[in-house]
**Student:** 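Pasting in a structure now, in structure tokens, and then I'll have a few things to ask.
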Amino acid sequence: MLAHVGRRLPRRSPLYRAALGAGLAGALAAGLLTATTATAAPTPTEPTAQAAAPDIPLANVKAHLSQFQAIAQANGGNRAHGRPGYRASLDYVKGKLDAAGYTTSVQQFTSNGSTGYNLIADWPGGDPDAVVMAGAHLDSVSSGAGINDNGSGSAAVLETALAVARTGYRPDKHLRFAWWGAEELGLVGSRFYVNSLSSAQRADIDGYLNFDMVGSPNAGYFVYDDDPVIEAVLKDWFTARGIPTEIETEGDGRSDHASFKNAGIPVGGLFTGAGRTKTTAQARKWGGTAGVPFDRCYHSSCDTTANINDTALDRNADATAHAMWTLSSGTGTPPPDGRTFENTADVTVPDGGPAAESPITVTGVPGNAPADLKVGVDIRHTYRGDLVIDLVAPDGSAYRLKDSGWDSGDDVITTYTVDASSEPADGTWKLRVQDVHRYDSGHIGAWSLTF
Ligand code: DTR
Ligand code: CA
Ligand code: ZN
Ligand code: ZN
């Protein structure tokens, strides 16, 4: 559901709920086949204050990829659902987690006539009513080892979980990690898991973060545009390092976060791209090659350890850890100082036609707007020189953000600063976009106001 009314980033969403650390919850997933009691976990101590996440060593992540590659090679060339390579992959991951002090459980299901398995790993401690989850599908397609899709996400999540154990991190909230079976058959494992939870167990999950393809060779940096709190925490990691990101627009329904989103659980995640080709504008900001897929080995036999961009994998693994530390600390990273309202509804901009408008209704902001009102825009267009962009205040006065001109670049993804101090903040603001020349078209993807 896309909001037409501006949404304020929840200042007290569940993800920020201060949750007191407590004893280990009975947080094992339902439908267990076996619950393995881990080797004694370190004695839970008082919840620590929010510690910064450690750097996730790229070498450790790549070592897991090498193991997945070896497992595929030893089991018919793949790690697909129903094949021995999948269960061998799960046993590898489970062994690492059991040794690190996790409480692991293997959930069994049937799909396509074959037995499938999910692996769930709970880190002892934290508020059982405030669970922060990270997950990745562990299965490959049958045509190959599936190292980027999705050994990369599986290894990044595994190494984040191991870093929690290595550092003895004791967050206020309860940490849970998961590796899904049969995603490639249609999100089967994750949907089975969510369906196996009671409504109370679902309500305990404050957020689910999904990592599916995070090391694409011709990488882009995409952040899922779902829960705004999770999105902000993930996006902030990249912004702090000067790495531009884009919202992931094709993700809805395309990976395991959909199973959680469909159950009303806040979701987010990261993605470096699959079969779509990288545009010129994207190559300019991210490097790599325009006109070439983000991962030209998507679902192919060449998706091996050679099909990984180390920089992308390293960055996404570090961002994964940052998000899990931040969202589980109980206090979390405070939301942006300002109050942000956004509208993520797509609005088509007629080619060479009348202006299109996208509204945001602002409520609860006293007084006038600031002299540095931030207007974030994400407009997708194949020739941005065609575009004239205005911010229209509730009283109808227009502030020119961008004129048309000779600029053949794609998209307008930026933040404008407007002196709107003469305008009352509350009311319905509009982003007005007109395409003044024929040929080349686009749409408003999202926009926001921060007061
Ligand atoms: N469905 C995933 C790959 C994929 C394609 N688009 C997205 C968007 C967001 C996450 C993942 C994907 C797969 O083949 O496993
Ligand atoms: Ca790193
Ligand atoms: Zn896939
Ligand atoms: Zn995948």
Side-chain angles (χ1 to χ4, degrees), residues 64-65 68 72 77-83 85-86 89-90 93 111-112 116 118-119 134-158 178-191 208-227 230-231 234-235 245-262 267-279 282 293-304 307-309 312-313 316 319-320 323 344 380 445:
H64 301 312
L65 298 186
F68 293 144
N78 66 66
R79 302 181 305 105
H81 165 74
R83 308 287 182 80
Y86 176 75
S89 301
L90 184 145
V93 174
S111 180
N112 243 15
N118 293 324
L119 174 63
H137 76 85
L138 186 58
D139 63 312
S140 74
V141 291
S142 56
S143 54
I147 298 306
N148 185 37
D149 182 20
N150 183 39
S152 63
S154 297
V157 170
L158 172 58
W179 291 263
W180 307 118
E183 184 273 350
E184 299 289 8
L185 279 72
L187 322 184
V188 177
S190 57
R191 187 166 51 244
Y208 170 74
L209 283 70
N210 193 61
F211 303 94
D212 183 356
M213 301 181 75
V214 294
S216 305
N218 191 26
Y221 294 93
F222 298 97
V223 180
Y224 293 10
D225 178 33
D226 279 288
D227 178 77
I230 299 174
E231 180 180 355
L234 285 167
K235 187 177 167 63
T245 56
E246 289 186 13
I247 57 173
E248 170 37 53
T249 52
E250 71 161 282
D252 270 3
R254 293 293 302 267
S255 191
D256 293 302
H257 58 299
S259 302
F260 291 81
K261 183 173 182 177
N262 294 339
V267 301
L270 297 173
F271 178 54
T272 49
R276 264 189 310 177
T277 54
K278 181 179 279 185
T279 67
Q282 290 171 330
F294 295 103
D295 180 354
R296 60 178 181 72
C297 288
Y298 176 54
H299 285 185
S300 304
S301 59
C302 56
D303 188 4
T304 66
N307 187 49
I308 289 290
N309 177 319
L313 182 62
N316 280 284
T320 302
T344 58
R380 302 305 168 96

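In each ligand, atom 1 is the first atom listed, and ligand 1 is the first ligand listed.
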**Student:** Can you tell me how the ring of Tyr208 sits relative to the ring of Phe260, calling it parallel under 30°, perpendicular over 60° and tilted otherwise?
**Tutor:** parallel
**Student:** Looking only at distance, does Tyr298 have an N or O less than 3.5 Å from an N or O of ligand 1?
**Tutor:** yes
**Student:** Side chains of Arg296 and Asn218: does their closest heavy-atom pair fall under 4.5 Å?
**Tutor:** no
**Student:** Using a distance threshold of 2.8 Å, state whether an N, O or S atom of Glu184 lies below it from the Zn ion (ligand 3).
**Tutor:** yes
**Student:** How close do Cys302 and Asn307 get, heavy atom to heavy atom, and via which atoms?
**Tutor:** O-CB, 3.5 Å
**Student:** So is Arg254 polar-close to ligand 1, meaning N/O to N/O under 3.5 Å?
**Tutor:** yes
**Student:** Mind checking whether Asn316 and Thr272 have side chains closer than 4.5 Å, heavy atoms only?
**Tutor:** yes
**Student:** Given the Zn ion (ligand 4) as the apex, I'd like the angle to NE2 of His137 and OD1 of Asp149, rounded to 10 degrees.
**Tutor:** 90°
**Student:** Quick one: which ligand 1 atoms are inside 4.0 Å of a heavy atom on Tyr224?
**Tutor:** 9 (C), 10 (C)
**Student:** For ligand 1, which is the ligand I care about here, please tell me if Asp149 has any N or O atom under 3.5 Å from one of the ligand's N or O atoms.
**Tutor:** yes
**Student:** Glu183 heavy atoms, cut-off 4.0 Å: which ligand 1 atoms fall inside?
**Tutor:** 1 (N), 2 (C), 13 (C), 15 (O)
**Student:** For His137, is at least one N or O under 3.5 Å away from an N or O on ligand 1?
**Tutor:** yes
**Student:** Side chains of Asn78 and Ser142: is there a donor and an acceptor less than 3.5 Å apart?
**Tutor:** no
**Student:** Check whether any side-chain heavy atom of His81 lies under 4.5 Å from a side-chain heavy atom of Tyr86, and answer yes or no.
**Tutor:** no
**Student:** Relative to the Zn ion (ligand 4), which of the N, O or S atoms in Asp212 is the closest?
**Tutor:** OD1
**Student:** Hey, does Asn150 have a side-chain heavy atom less than 4.5 Å from the side chain of Glu183?
**Tutor:** no
**Student:** For ligand 1, which atoms have a heavy atom of Met213 less than 4.0 angstrom away?
**Tutor:** 3 (C)
